[in-house]
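Worth knowing before you read on, the calculation uses all heavy atoms, side chains too, and leaves out hydrogens, waters and symmetry mates. Lettering follows sequence order; numbering is per chain, from 1. Just so you know, these numbers come straight off a predicted model, no measurement behind them.
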Amino acid sequence: MTDIRIDPSVVDGRGRFDPSTADGRWQRAWAAAETFTADSDSTKPKSYILEMFPYPSGRIHMGHVRNYTMGDVLARYQKMRGYEVLHPMGWDAFGMPAENAAMEKGVHPGGWTRQNIAQMKSQLQRIGFALDWTREFATCDPEYYGHEQALFVDLYEAGLVYRKESTVNWDPVDMTVLANEQVIDGKGWRSGAEVEKRKLNQWFLKITDFAEDLLAGLGSLEDWPEKVRLMQENWIGKSQGLEFSFELSESLPLREGVGDGCATPADAVPPPPTPPHGEGSLQRLPVYTTRPDTIFGASFVAVAADHPIAQSLAHDPEVAAFIEACKRGGTKAAEVETAEKLGYLTSLTAKHPFTGEPLPLFIANFVLMEYGTGAVMGVPGHDQRDFEFATKYGLPITRVVAADPARADDPFAGEAEAGDGVIVNSGFLNGMSVDDAIQAVISRAEADGWGEGRTVWRLRDWGVSRQRYWGTPIPFIHCETCGVVPVPKAQLPVVLPEDVSFDIPGNPLERHPTWKHVDCPKCGARARRETDTLDTFVDSSWYFLRFASQPADRPFDPEEVAKWLPVQHYIGGVEHAILHLLYARFWTRALAHIGKITVQEPFAALFTQGMVTHETYSRVDEARGVPVFFGPEEVDRTSEGATLLTDSAPVDVGRVIKMSKSKKNVVDPDAIIARHGADAVRWFMLSDSPPERDLPWSDAGIEGCSRFVQRLWRLFSAYDAGAVGEDKSLDRKTHQTIAAVAADIEALGFNKAVARIYELTGAAEKSAPSASRSAAIRALVHMVAPMMPHLAEEVWAKIGGEGLIADAPWPAVDPALLVDDEVTIALQHMGKLRDTITAPKGASKDALEALALASANLQRSIDGAAVRKVIVVPDRLVNIVT
RNA sequence: GCGGGUGUGGCGGAAUGGUAGACGCCGGGGACUUAAAAUCCCCUGAUCUUUGAUCGUGCGGGUUCGAGUCCCGCCGCCCGCACCA
């Protein structure tokens, strides 16, 4: 066939590709053919591609589009590469915004959420993502959260769930408990309200049981960004050291309630191995240090303001006042940074375990009750905080570690010396290395029975109770006689009641007239249903398992899970580096621990994509002195500047920042798709910026992409199956491009793949019709298929391709065509470029040298000077040294 | 403060120690057109004495025949953590 007939419905009056008709046709074709339905019984190798599922806020934004386009290219590419691909989508559908909407608009959270899901699903479908919609679910489906409840009961029975009264972070605006991670600078992460401390009975998951394993597992995650692994490592915060007790100069009576002031779920951490001696009194003070090697440099001891010792001294009004002052100290970053080290000198002393010397005991504002034992030994020579403290209060500062032992008694240079060295001024430790001394002190303490080596974790158990309606009900019943009783599996799911009201703040489950009144499953007596719901991070901690298999009677089938997991590529925002990703790793381990699955790490490779950004347009409101922002659609942007459409007067063009409603720099994907089609938007998401960096949105950029779609269409329309003749150089370019694009996609270098496709497109356009050119076009259709699937299908059909190109294999590469037969050789004199010549590939060094010396430009530069050396890099360059 | 990242034309960005600026955007010029749109072609780091040369990858040194790339010392910006003993 020498001419191709173009379906009039995909061509506008000017012969242009018309996405408004083509996009829908192929989206329907894929759905009808079940092209992207994953077959777990397939004999092909399996590949699980997953993007972090969205919260159904109402509309898809550009960040979603970028995220899912990347995953989509990988999914489509791997399918072409012969994999059976699982690429599912669902909805992280529980959470606060639905309740906020209920309060503001009087709609039911369920209805609001379902409506949003329907809307967003249709948006995603219009972008043409290769998703297996047969596996779609929302976490608010009773079926899903029912299985979650069953798993929660399983974990409870395995001893990984417990309940305890603890002081929690209470958000007074959202009226809910927040995890430590959800408190940012002392404020709620969503509401921004100042967080209060409250005492409540809370459910906890024992993530600390897995601390060591979660930390060790990071080492095997080679395809995770180093940054994320470091963040998790710091969050887990393992430290090893010595815990030991100072003997106090006098015994203090323990006061009622003392020791419970310590705020957070931290007290979920197991108690110290060496508790204070003597019940009901405090005679020994346990401290924790990571630097027991510096113990001879200790010149004071300090306890936190809410430490039992401080509390038991609080009958003294001066002490009470000091403790109050400590509590008032802000938690904000800036405040902590500038806060002065303050201490209150008590009348007590602590006996040094080696020297027997009495050390003064302070209450200090920089000691934290929730870390270690809430008490420290102060070694000012080798700890900056202790140094500042000792300087302020005139305490001795001794050097016990010296880089140069000969200068052990030199004065300090105004700051602590944290570096490595040799132990000095330290009795039996003198002359040891820091590491040896640490071991020596721990051994001595353990042998003499006054202390022992201990590992301390920053990670705390995960508080999962939320006093909210729109979440997974915690499946437990409180019975006066039987205590806490799990809801029997046969009675799951515990379904949320529909008839609830949101006209007053607080938990609607708590005040529902009947829901919480049930009979005890054990004894049948009147009992009370738990009204807390689970943190939504629980929902997202196992959804990737449910995607892999969805039996009705169980959360998942372990064999199916084993077929698909781990996820080959997990793609999402870096904002989930700690919370979601750590919890998901924990759940996977916990479920493996109780024998539900065999996989340990859920995500083999993680990719964190950059944000979509946009310029901001604003004017300063003269009256109020604050900037007023304008959306891109309100502004006429030229290369010189920007003016407001309504008054044609200039507006300030501000920084390029993440799209956000408050700055109004948001571009709606729907509007762009309606105007340019799905393929142009997808192409834009992949072009130019490396995927891990931010992508600046611009109208000029999307118009460029739209033009390229048409340019390809014109090139493809010129396809001639019967063309004859060979263009060897185009053949090479084609095969080199196929290989390079494949490598780029596999390395997630989409911007580079895009650039290669531009190059080959240009080369094919310039080349005269030939069999080579037709081959180049066929290769291009395949290469753009994962990126611009609608255009690719349309062309594939027109040029007589069999079936859908989505099902076609990736084009094969002829290795013989990957190498050029001629190469450009750079000619340098003293490392400076003077000329270039072409030479046959693989020419000998002598031949290249001879060719180089024949260059007039090079000879002019050498200017008759004696040639001292000639460096020849075959196929690359010749450098003459004179 | 600690940890990590990053710095290349007007902009987004390419470059296994070997021709810096691929590719795209913007801009300029031209062709086609009655005109516009669309499309196509050419130019587009700076400077100069312009068939050529000099400078040029945040700054200052160094290694090398040759450095954006490696080493040492700084600076800016971005992100994370933050009195963690």
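Using a 4.0 Å heavy-atom criterion, one finds that A/R693 contacts the sugar-phosphate atoms exclusively. Residue-level contact check: A/R834 touches the backbone only, with heavy atoms under 4.0 Å from sugar-phosphate atoms and none from bases. Among the heavy atoms of the strands, none lies under 4.0 Å from A/V379. Base engagement by A/Q828 is indicated by at least one non-hydrogen atom pair under 4.0 Å involving a base atom.
At B/C81, none of the side-chain N or O atoms of A/R458 fall inside 4.0 Å of OP1 or OP2 (strictly under the cut-off). Put simply, A/K832 has a side-chain N or O that comes within less than 4.0 Å of OP1 or OP2 on B/C55. In terms of phosphate contacts, A/Y288 brings no side-chain nitrogen or oxygen within less than 4.0 Å of OP1 or OP2 of B/A85.
Listed by residue number, the members of residues 873-882 of chain A with any heavy atom below 4.0 angstrom from RNA chain B are A/V873, A/R876, A/L877, A/N879, A/V881.
Sorted by first then second residue, the side chain to side chain donor-acceptor pair (under 3.5 Å) pairs that include residues 685-705 of chain A, not counting sequence neighbours, number zero. Sorted by first and then second residue, the pairs that involve residues 753-762 of chain A and meet side chain to side chain donor-acceptor pair (under 3.5 Å), not counting sequence neighbours, are A/W683-A/Y758, A/K733-A/E759, A/D744-A/R756.
Every residue two or more places apart in sequence or in another chain that forms a side-chain contact (heavy atoms from CB on, under 4.5 Å) with A/A776 is listed here: A/L730, A/T734, A/A764. Looking at residues two or more places apart in sequence or on another chain, you find a side-chain contact (heavy atoms from CB on, under 4.5 Å) between A/L214 and A/I207, A/F210, A/I236, A/L582, A/R585, A/F586, A/R589. By the ring pair (Phe, Tyr, Trp, His ring centres under 6.0 Å) test, A/Y393 is found to be paired with A/F362, A/F389, residues two or more places apart in sequence or in another chain being considered. Taking A/V873 as the reference, A/I871, A/R876, A/L877 meet the side-chain contact (heavy atoms from CB on, under 4.5 Å) condition, with sequence neighbours excluded. In this view, A/R860 and A/N857 satisfy the side chain to side chain donor-acceptor pair (under 3.5 Å) rule, not counting sequence neighbours.
Of all heavy-atom pairs spanning A/A718 and A/R773, the tightest one is CB-NH1, 4.3 Å.
Checking B/G52, B/C83, B/A38 against every side-chain atom of A/R16, the shortest atom distance belongs to B/A38. Residue A/R714 places its side chain closer to B/U39 than to any other of B/C65, B/U39, B/A85. Out of B/G4, B/C83, B/G12, the shortest distance to the side chain of A/P696 is found at B/G12.
Nucleotides B/C43 and B/U34 are separated by 29 Å at their C1' atoms, to the nearest Å. Between B/A20 and B/G28, the distance separating the two C1' atoms is 24 Å to the nearest Å. Spacing between B/G18 and B/A67 at atom C1', rounded to whole Å, works out to 10 Å. The C1' atoms of B/C83 and B/G10 are separated by 46 Å, rounded to the nearest whole Å.
Looking at which nucleotide of RNA chain B each of A/E765 and A/T290 is closest to, the 5′-most match is held by A/E765. Nearest-nucleotide mapping onto RNA chain B: of A/L695 and A/M377, the residue sitting toward the 5' end is A/L695.
In this structure, B/U50 is classed as syn because its glycosidic torsion stays within 90° of zero. A glycosidic torsion no more than 90° from 0 defines the syn conformation, and B/G9 adopts it.
Remark: P of B/A85 and CD1 of A/I442 are 14 Å apart, rounded to the nearest angstrom. One interatomic measurement links the two molecules: CG of A/L359 to C1' of B/A85, which rounds to 15 Å at whole-angstrom precision. Taking atom NE2 of A/H829 as the reference point, atom P of B/C65 lies 14 Å away to the nearest angstrom. Rounded to whole Å, atom P of B/C2 lies 14 Å from atom CG of A/D383. As rounded to whole Å, 14 Å separates atom P of B/A85 from atom NZ of A/K238.
A cation-pi contact, defined as under 6.0 Å to the ring centre and within 45° of the axis, links A/R458 to A/W235.
Partner of A/S861 under the side-chain hydrogen bond (donor to acceptor under 3.5 Å, both in side chains) criterion, chosen from A/Q828, A/K832, A/H829: A/H829. Of the listed residues (A/T289, A/D293, A/T294), just one forms a side-chain hydrogen bond (donor to acceptor under 3.5 Å, both in side chains) with A/R291, and that residue is A/D293.
Between the CD atom in A/Q710 and the CG atom in A/L791 there is a gap of 8.5 Å [rounded to 0.5 Å]. Rounded to the nearest 0.5 angstrom, A/L606 CG and A/R229 CZ are separated by 10.5 Å. Atoms CZ and CG, from A/R66 and A/L695 in turn, are 4.5 Å apart once rounded to the nearest 0.5 Å.
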Where do N or O atoms of nucleotides 22-32 of chain B meet protein N or O atoms at under 3.5 Å, pair by pair?
from	atom 1	to	atom 2	distance (Å)
B/A22	O2'	A/E759	OE2	3.4

Under 3.5 Å, N/O pairs linking protein and nucleotides 77-80 of chain B:
from	atom 1	to	atom 2	distance (Å)
B/C79	O2'	A/K227	NZ	3.3

- prompt: Would A/E212 and A/K238 satisfy salt bridge (Lys or Arg N to Asp or Glu O under 4.0 Å), going step by step from the backbone distance to the final call?
  reply: CA-CA 8 Å; A/E212 188 80 66; A/K238 180 181 188 175; 2.6 Å; yes
- prompt: Can you check salt bridge (Lys or Arg N to Asp or Glu O under 4.0 Å) on A/R714 and A/E765, steps first, answer last?
  reply: CA-CA 9 Å; A/R714 281 193 302 277; A/E765 284 169 339; 5.7 Å; no
- request: Summarise how protein sits on nucleotides 42-48 of chain B as a single string, 5' to 3': B when a protein heavy atom is under 4.0 Å from the base, S for sugar-phosphate-only contact, - for no contact.
  value: -------
Watson-Crick and G-U pairing of RNA chain B written in dot-bracket, each distance under 3.5 angstrom, with | for inter-strand partners: (((((((..(((.....[....))).(((((.......))))).((((...))))..(((((..]....))))))))))))....
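Using a distance-only test at 3.5 Å, with no hydrogens or angles considered, a donor-acceptor pair links the side chain of A/H352 to the main chain of A/I295.
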